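First comes the structure, then the notes that go with it.
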Amino acid sequence: MMINSPLLVSVTIEPKHEDDWEELVEALARLSAGASGLRISDLDVIDGTRALLEAASEERLKETIARFLELSPVEAIVGAPRVAYRERLSRRQEIDFTHKRPGQYARVKLVFDPDGAGGEIFENRAPASAVPAEFVDGVERGVVSVAETGVILGCPVVEMKAVLVDGAGHGSDSSVLAFEIAARAATREALAKSSELLEPIMSVEATAPNDSAEAVIADLRGRRAQALKAQQGDETTRITATAPLAELLGYGEALSALTKGRANSSLRFVHYAPTTPGDDTPFRPAAAVRPSAAV
C-alpha cells in the first residue's frame with residue numbers, strides 16, 4: 001500500500017530518562033537529515049522532553065521508528081501513531097492587543113483572514129509611525145510561532161493570512177520582544193475565537209476477489225467512507241471511495257486479514273476537511289493500534 005501526500009502521520013518520541021533528551025534529539029536529527037517525507041518538530045511549547053516525528057505515510061513512519069530504535073543508544077518511549085491534523089481559521093478576525101508590563105509596551109492591530117490561496121502568512125501594512133520597521137520582525141515571529149502549533153492540538157495552522165494594520169510603541173519600553181509577545185497573544189486570541197480542526201481525506205482504491213467484495217465494502221463503510229463505488233470484473237472487484245485517514249491507519253493489514261491476503265490497496269491524499277462535529281478522533285488511539293488492526 002502506498003501513500004503519496006504531504007506529512008500526514010505523526011508520533012511522539014521521548015526518552016525514558018530526561019537526561020537523555022539532548023542525545024535523543026541529536027539521534028532523530030541525524031536520522032532525518034536530508035530525508036524527504038520526514039520531519040522532526042520542536043515540541044518545547046508542549047513538553048520539553050518530547051519530540052514529534054511526522055512522516056508522509058504510515059509505512060515511512062514505521063520504517064523510521066524501527067531504524068531509530070535499532071541505531072539510537074537512547075532508551076525511548078514511542079507513542080501511538082496519530083494523524084497529523086491541521087488547524088484553520090474559519091472566519092475573519094480583527095484583534096487589537098496591547099502588551100503592557102513594567103518596562104515592556106507594545107500594541108498591535110492585526111487582521112486575520114482565511115487564505116485559501118496559501119500565500120505568505122504575514123504582511124505589514126502598518127504606517128512606520130505606528131510600528132517602526134525595527135519592530136515588524138518581532139510581530140512576524142509572534143504570528144508564525146503560534147501558527148506553527150495552533151491552539152487546539154499543537155498542530156500547524158494552514159491557510160491563514162495575518163496583516164499588521166496598526167500599532168503603537170512607547171519610548172524605551174518598546175522592543176522587538178515586546179511586539180513579538182503582543183503578536184503571539186493576538187494570534188492566539190484570533191484562533192481561539194474561530195479555529196477549526198482539519199483532518200486529511202484520502203482516496204482509497206482496493207481490488208479484491210469477487211467473493212470478498214461485499215466484506216471489503218462493509219469494512220470501508222465502517223471507516224466513514226464516502227462516494228463508494230464498485231466495478232465488478234470476471235474475477236475481481238475494483239472498489240473506490242474517500243475516507244478520513246484517521247480511519248485508514250492499518251488498513252493494508254486489515255484488508256489482508258479480511259481477504260486472506262488476496263486483495264491490494266492504495267491511498268492517495270485528496271484534501272483536508274473539517275472534522276465531524278462530535279467526532280473524538282483526535283483524542284483516541286489511531287486505527288493502527290486498535291485490536292482489529294495489526295501494527
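In this text, all values refer to a predicted model and were calculated from it rather than measured experimentally. In what follows, every heavy atom counts, from backbone to side chain, and hydrogens, waters and symmetry copies are set aside.
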[X] to [Y] - nearest heavy-atom pair and separation:
X      : Y      : value
Ala243 : Leu248 : O-CD1, 3.8 Å
Val216 : Ala206 : CG1-CB, 4.4 Å
Ala186 : Val108 : CB-CG2, 4.2 Å
Ala178 : Asp173 : CB-O, 4.4 Å
Leu198 : Tyr85  : O-CD2, 3.2 Å
Thr259 : Ala208 : CG2-CB, 4.5 Å

Are the side chains of Gln104 and His99 in contact, using a 4.5 Å heavy-atom criterion?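 The answer is yes, as the side chains (C-beta and beyond) meet within the 4.5 Å cut-off.
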I'd like to know if the side chain of [X] reaches the main chain of [Y], judged simply by a donor and an acceptor atom lying under 3.5 Å from each other, with no hydrogens or angles considered.
X      : Y      : result
Ser90  : Ser194 : yes
Ser72  : Ala27  : no
Arg223 : Glu247 : yes
Ser256 : Gly252 : no
Asn210 : Asp234 : yes
Arg60  : Ser57  : no

Salt bridge (charged side-chain N to carboxylate O under 4.0 Å, His left out) between Glu199 and Arg82, intermediate numbers included: CA-CA 11 Å; Glu199 62 180 343; Arg82 288 188 176 273; over 6 Å; no
Salt bridge flag under 4.0 Å for residues [X] and [Y]:
X      : Y      : result
Glu205 : Arg238 : yes
Lys16  : Glu23  : no
Asp166 : Arg107 : yes

Return yes when atom [atom1] of [X] has more than 12 non-hydrogen atoms of other residues, nucleotides or ligands closer than 6.0 Å, and no otherwise.
X      : atom1 : answer
Gln226 : CD    : no
Glu134 : CD    : yes
Arg262 : CZ    : yes

Does Glu120 form a salt bridge (charged side-chain N to carboxylate O under 4.0 Å, His left out) with Lys161? I'd like the steps, not just the answer. CA-CA 7 Å; Glu120 293 294 325; Lys161 178 72 172 284; over 6 Å; no
Could you go step by step and tell me if Asp211 and Lys260 meet the salt bridge (charged side-chain N to carboxylate O under 4.0 Å, His left out) rule? CA-CA 12 Å; Asp211 60 2; Lys260 298 181 180 179; over 6 Å; no
To the closest 0.5 Å, what do you measure between [atom1] ([X]) and [atom2] ([Y])?
X      : Y      : atom1 : atom2 : answer
Glu189 : Asp96  : CD    : CG    : 9.5 Å
Tyr105 : Ser174 : OH    : OG    : 7.5 Å
Leu61  : Ser10  : CG    : OG    : 7.5 Å
Phe97  : Leu110 : CZ    : CG    : 11.5 Å
Phe68  : Arg30  : CZ    : CZ    : 9.5 Å
Thr242 : Ile201 : OG1   : CD1   : 7.0 Å

Donor on one side chain, acceptor on other, Arg184 and Ser145, under 3.5 Å: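 Side-chain D/A pair, Arg184 to Ser145: absent.
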Report yes or no: do Glu87 and Ser195 form a side-chain donor-acceptor pair below 3.5 Å?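 Short answer, yes.
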Linking I/L/V/M/F/W/Y whenever their side-chain heavy atoms sit closer than 4.5 Å, directly or via other members, would Val11 and Tyr251 fall into one cluster?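 Yes, it is one cluster - the side chains of Val11 and Tyr251 are joined through contacts under 4.5 Å.
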